[in-house]
Novice: 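The structure is given below, and queries will be raised subsequently.
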Amino acid sequence: MLPTHHHAVQFYSHQVQLFGTASGFLSEGLISGQPALVIATRAHREGILDAMRGRHIDVDQAQRVGEIVALDAGEELSRIMIEGRPDRDRFDGGIGSLIDRAASGRPHATVRVYGEMVDVLWTDGLTGAALDLETLWNGLAKRHRFSLLCGYAAGHFTTQVEQFQSICEHHTHVIGPDAGLTIPNRRHDLS
């Protein structure tokens, strides 16, 4: 079982890599009785859910009973942003309540979350807002039980080494685009 605060990042070169990592992370959780929350673009939601079907997960049934909740990253961002920055109260109230609903009736459940709101912000040139959102996720982890996997297109960071390092510092584990290897981030403060 994953620790309560697991905040990993997948830097991916190809969507197939992302779909494989995210579907494995979410499917493993479902098999262990951990509900799944997917906050992604439409294309990525569909790709991840299809990859989960390839892992013999009955996605349609899981969605009907609330074991999988799939939401649009852009819509969720519109709910939490004020003047180009994520608002802590909106984030905690919105995303926090989504996590609580997913875990409803299971007080010891750890919700598995795949999120790419940060990548949407990065793509839109709102890199500071993306880093702020990473901080908000870490703060939310002090009050809610979830394991989070973030996804970023690796192409964003071909020339932005300092920003790449800053992203890594917000995560407990880093998954590279080519090796598929998960590396624990020992510099991350879990307190």
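Residues take their numbers from the sequence shown, with the count starting at 1. All figures in this text were calculated on a predicted structure; none of them were measured in a lab.
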Novice: Would you say L18 and Y114 make side-chain contact, with heavy atoms under 4.5 Å?
Specialist: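 The answer is yes; the side chains approach within 4.5 Å.
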Novice: What residues, two or more places apart in sequence or in another chain, satisfy side-chain hydrogen bond (donor to acceptor under 3.5 Å, both in side chains) together with D60?
Specialist: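 D60 satisfies side-chain hydrogen bond (donor to acceptor under 3.5 Å, both in side chains) with R53 only.
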Novice: Hey, what's the ring geometry for H156 with W122, parallel, tilted or perpendicular (30° and 60° as the breaks)?
Specialist: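 Tilted: the ring planes of H156 and W122 meet at 30° to 60°.
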Novice: Would you give the length of the straight line joining atom OH of Y152 to atom SG of C168, rounded to the nearest 0.5 angstrom?
Specialist: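 Separation between the atoms: 9.5 Å.
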Novice: Can you find a heavy atom in the side chain of I80 that is under 4.5 Å from one in the side chain of L133?
Specialist: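 In contact.
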Novice: Kindly compute the distance separating CD (E67) from CD1 (I57), expressed to the nearest 0.5 Å.
Specialist: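 So the gap between those two atoms works out to 10.5 Å.
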Novice: What about F11 and V16, same hydrophobic cluster or not, with Ile/Leu/Val/Met/Phe/Trp/Tyr joined at side-chain heavy-atom distances under 4.5 Å?
Specialist: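 Different hydrophobic clusters.
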Novice: Nearest 0.5 angstrom please: M117 CE to I39 CD1, how far?
Specialist: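 Going from CE on M117 over to CD1 on I39, the span is 4.5 Å.
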Novice: Can you run down the ring-ring contact (aromatic ring centres under 6.0 Å, His included) pairs that involve residues 52-75, sequence neighbours left out, and say none if there aren't any?
Specialist: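 Qualifying pairs, neighbours excluded: none.
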Novice: Return each pair, listed once, that meets salt bridge (charged side-chain N to carboxylate O under 4.0 Å, His left out) where at least one residue sits in residues 9-18; pairs must be two or more places apart or across chains.
Specialist: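 Passing the test, one end in residues 9-18: no pairs.
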Novice: Would H7 and E134 count as having a side-chain donor-acceptor pair, cut-off 3.5 Å?
Specialist: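 Yes, side-chain donor-acceptor contact under 3.5 Å.
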Novice: Restricting to non-hydrogen atoms, name the atom on V113 and the atom on F25 that form the minimum distance, rounded to 0.1 Å.
Specialist: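 Nearest heavy atoms, V113 then F25: O-CE2, 3.4 Å.
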Novice: Could you tell me which non-hydrogen atom of G20 sits nearest to which non-hydrogen atom of R55, and how far apart they are?
Specialist: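 Heavy-atom minimum between the residues: O-NH2, 3.0 Å.
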Novice: Which atoms form the tightest heavy-atom contact between V111 and A103, and what is the distance?
Specialist: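 Heavy atoms only, the tightest pair is CG2-CB, 3.8 Å.
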Novice: Apply salt bridge (charged side-chain N to carboxylate O under 4.0 Å, His left out) to R90 and list each qualifying residue two or more places apart in sequence or on a separate chain.
Specialist: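 Salt bridge (charged side-chain N to carboxylate O under 4.0 Å, His left out) list for R90, sorted by chain: empty.
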Novice: Tell me every residue that passes salt bridge (charged side-chain N to carboxylate O under 4.0 Å, His left out) with R143, counting only those two or more places apart in sequence or in another chain.
Specialist: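 Once residues adjacent in sequence are excluded, the partners of R143 under the salt bridge (charged side-chain N to carboxylate O under 4.0 Å, His left out) criterion are D92.
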Novice: Please indicate whether R88 has more than 12 foreign heavy atoms, meaning atoms of other residues, nucleotides or ligands, lying under 6.0 Å from its CZ.
Specialist: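 For R88, atom CZ is not crowded (no more than 12 foreign heavy atoms under 6.0 Å).
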Novice: How close do T41 and A73 get, heavy atom to heavy atom, and via which atoms?
Specialist: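 The answer is N-CB, 4.1 Å.
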Novice: Do L140 and L148 have side chains that get closer than 4.5 Å, going by heavy atoms?
Specialist: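 With C-beta onward as the side chain, the pair stays apart.
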Novice: What pairs of residues pass the salt bridge (charged side-chain N to carboxylate O under 4.0 Å, His left out) test when at least one of them lies in residues 113-133, not counting sequence neighbours?
Specialist: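 For residues 113-133, and leaving out neighbouring residues, the salt bridge (charged side-chain N to carboxylate O under 4.0 Å, His left out) pairs sorted by first residue read R85-D132.
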Novice: Side chains of residues 95-102: which donor-acceptor partners sit under 3.5 Å, not counting sequence neighbours?
Specialist:
residue: S97; atom: OG; partner: G93; partner atom: O; Å: 2.7
residue: S97; atom: OG; partner: G94; partner atom: O; Å: 2.9
residue: D100; atom: OD1; partner: H144; partner atom: ND1; Å: 2.9

Novice: Between D72 and R45, does at least one N-O distance fall below 4.0 Å, as a salt bridge requires?
Specialist: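 Salt bridge present between D72 and R45.
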Novice: Quick one: CG on N138 to OG1 on T172, what's the gap to the nearest 0.5 Å?
Specialist: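 Reported value, rounded in 0.5 Å steps: 8.5 Å.
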Novice: Is there a side-chain contact between L136 and D87 in this structure, where contact means two heavy atoms from C-beta onward sitting under 4.5 Å apart?
Specialist: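 SC-SC contact between L136 and D87 ruled out.
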Novice: To the nearest 0.5 Å, tell me how far H44 NE2 sits from F19 CZ.
Specialist: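 If I round to the nearest 0.5 Å, the distance is 5.0 Å.
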Novice: Please enumerate all residues that pass side-chain hydrogen bond (donor to acceptor under 3.5 Å, both in side chains) together with E83, with sequence neighbours excluded.
Specialist: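 In terms of side-chain hydrogen bond (donor to acceptor under 3.5 Å, both in side chains), with neighbours along the sequence ignored, E83 is linked to no residue.
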Novice: Applying side chain to side chain donor-acceptor pair (under 3.5 Å), run through R145 and T110 and close with a yes or a no.
Specialist: CA-CA 5 Å; R145 286 181 62 101; T110 299; 3.0 Å; yes
Novice: Suppose the criterion is ring-ring contact (aromatic ring centres under 6.0 Å, His included): which pairs have a residue in residues 71-105, not counting sequence neighbours?
Specialist: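 Listed once each, the pairs are F91-W137.
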Novice: Which atom names give the shortest non-hydrogen contact between L26 and M52, and what distance separates them?
Specialist: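 Looks like CB-CE, 3.8 Å.
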Novice: For G151 and Y12, work out which heavy atoms get closest and say how close.
Specialist: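 That closest heavy-atom pairing would be C-CE2, 4.1 Å.
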Novice: First locate atom CD of E28, then atom CD of Q34, and finally report the distance between them rounded to the nearest 0.5 Å.
Specialist: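 It comes to 8.0 Å.
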Novice: For S166, check side-chain contact (heavy atoms from CB on, under 4.5 Å) against everything at least two apart and list the hits.
Specialist: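 Only L131, H170 meet the side-chain contact (heavy atoms from CB on, under 4.5 Å) criterion with S166.
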Novice: Listed by chain and number, what are the side-chain hydrogen bond (donor to acceptor under 3.5 Å, both in side chains) partners of D58, not counting sequence neighbours?
Specialist: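 side-chain hydrogen bond (donor to acceptor under 3.5 Å, both in side chains) check on D58 returns nothing, list empty.
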Novice: With sequence neighbours left out, what residues match S27 under side-chain hydrogen bond (donor to acceptor under 3.5 Å, both in side chains)?
Specialist: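 S27: no side-chain hydrogen bond (donor to acceptor under 3.5 Å, both in side chains) contacts found.
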